[in-house]
> 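To start, I am sharing the structure in question, which I have written as structure tokens.
FYI, side chains are in, hydrogens and waters are out, and symmetry mates aren't considered; it's all heavy atoms of this structure. Along the sequence shown, residues are numbered consecutively beginning with 1.
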Amino acid sequence: QVQLVESGGGLVQAGGSLMLSCAASGRPLASYVMGWFRQTPGKERDFVAAISGSTGRTYYNEDVKGRFTISRDNAKNSVYLQMNSLEPDDTAVYYCAAVSSARAPTRALIYDYWGQGTQVTVSS
């Protein structure tokens, strides 16, 4: 069983930065696609970024492209999301997710494993 634990969320002013971490346990996830999603109350879980296991190819939501960077450290079985130039609209609970393979890593439904989420609040 895979467990994902996010950390690094918090309160930050607009224009600031945060780095989220997701630590995986249960099995090596080096070959897995890892994704970050976010959700606000009453809304669907939205894709933020993903990184493939085999090639390290990255995918981004257009709203965060150029501001957020996803990366992974397979030796630590972890994935990260560096968030810069944060805006109040980035406020959400951020979730880490994993799936063994994916043609369309932007869709939340395809992911098999999810973390509990970490709150990110950006004040104006």
Side-chain angles (χ1 to χ4, degrees):
Q1 183 70 11
V2 173
Q3 291 186 327
L4 303 175
V5 178
E6 303 96 336
S7 61
L11 173 64
V12 64
Q13 288 187 332
S17 299
L18 282 175
M19 187 168 83
L20 304 183
S21 299
C22 173
S25 61
R27 70 176 64 170
L29 297 186
S31 62
Y32 278 55
V33 174
M34 303 295 295
W36 286 98
F37 290 77
R38 63 189 181 186
Q39 189 171 25
T40 54
K43 294 189 176 181
E44 294 184 351
R45 197 165 291 188
D46 289 334
F47 170 74
V48 176
I51 184 167
S52 71
S54 55
T55 65
R57 179 180 176 180
T58 56
Y59 306 79
Y60 293 96
N61 182 311
E62 285 295 324
D63 291 342
V64 307
K65 194 175 289 186
R67 299 188 297 122
F68 292 10
T69 302
I70 188 170
S71 61
R72 66 192 302 161
D73 185 337
N74 291 332
K76 295 183 178 180
N77 223 22
S78 295
V79 65
Y80 309 96
L81 185 68
Q82 176 66 45
M83 305 186 295
N84 299 328
S85 301
L86 282 161
E87 304 168 353
D89 283 349
D90 295 318
T91 295
V93 177
Y94 283 70
Y95 296 91
C96 173
V99 62
S100 58
S101 64
R103 288 187 177 183
T106 62
R107 297 177 60 218
L109 288 176
I110 68 166
Y111 285 82
D112 295 319
Y113 305 105
W114 290 87
Q116 299 272 10
T118 185
Q119 176 71 46
V120 171
T121 303
V122 184
S123 63
S124 57

> Quick check for you: to the nearest 0.5 Å, what is the distance between Ser7 atom OG and Tyr94 atom OH?
15.0 Å
> Ring centroid separation for Tyr59 and Phe47, is it under 6.0 angstrom?
no
> Can you name the nearest heavy-atom pair linking Ala14 to Ser124, along with the distance?
CB-CA, 4.3 Å
> Mark yes or no for whether Arg57, through its side chain, and Ser52, through its backbone, hold a donor-acceptor pair below 3.5 Å.
no
> Please round to the nearest 0.5 Å and tell me the distance separating atom CG of Leu81 and atom CZ of Arg38.
9.5 Å
> Minimum heavy-atom separation for Asn84 to Ser17, with atom names?
OD1-OG, 2.9 Å
> Which distance, rounded to the nearest 0.5 Å, do you find between the CH2 of Trp36 and the OH of Tyr80?
10.0 Å
> Same cluster for Trp114 and Leu20 if Ile/Leu/Val/Met/Phe/Trp/Tyr side chains link at under 4.5 Å?
no
> Using the rule that Ile, Leu, Val, Met, Phe, Trp and Tyr join whenever any side-chain heavy atoms are under 4.5 Å apart, tell me whether Val120 and Val93 fall into a single cluster.
no
> Transitively linked via ILVMFWY side-chain contacts under 4.5 Å: Leu86 with Tyr95?
no
> If you count heavy atoms of other groups shown closer than 6.0 angstrom to CD of Glu87, is the number above 12?
yes
> Compare every heavy atom of Ala50 with every heavy atom of Val33, then report the nearest pair and how far apart it is.
CG1-CB, 4.5 Å
> Leu29 and side-chain contact (heavy atoms from CB on, under 4.5 Å): which partner among Leu4, Val79, Asn74?
Leu4
> Does the Glu6 side chain pair with the main chain of Cys96, one donor and one acceptor, at a distance under 3.5 Å?
yes
> Between atom OH of Tyr32 and atom CG of Asp112, what is the distance when rounded to the nearest 0.5 Å?
7.5 Å
> Taking only residues two or more places apart in sequence, or in another chain, which ones meet Gln119 in a side chain to side chain donor-acceptor pair (under 3.5 Å)?
Thr121
> Let me confirm one number: the OG1-CG distance from Thr40 to Asp90, rounded to the nearest 0.5 Å.
11.5 Å
> Specify whether Tyr111 and Phe37 have parallel, tilted or perpendicular ring planes, treating 30° as the upper limit for parallel and 60° as the lower limit for perpendicular.
perpendicular
> Could you check whether any side-chain N or O of Asn77 sits under 3.5 Å from a backbone N or O of Arg27, counting only pairs where one atom can act as donor and the other as acceptor?
yes
> Would you check if Val48 and Met83 make a side-chain contact, meaning some heavy-atom pair closer than 4.5 Å?
no
> Please round to the nearest 0.5 Å and tell me the distance separating atom CZ of Arg72 and atom OG1 of Thr58.
11.5 Å
> According to ring-ring contact (aromatic ring centres under 6.0 Å, His included), who are the partners of Tyr113, at least two apart in sequence or on a separate chain?
none
> So does Ala92 get a backbone contact from the side chain of Gln39, meaning a donor-acceptor N/O pair under 3.5 Å?
no
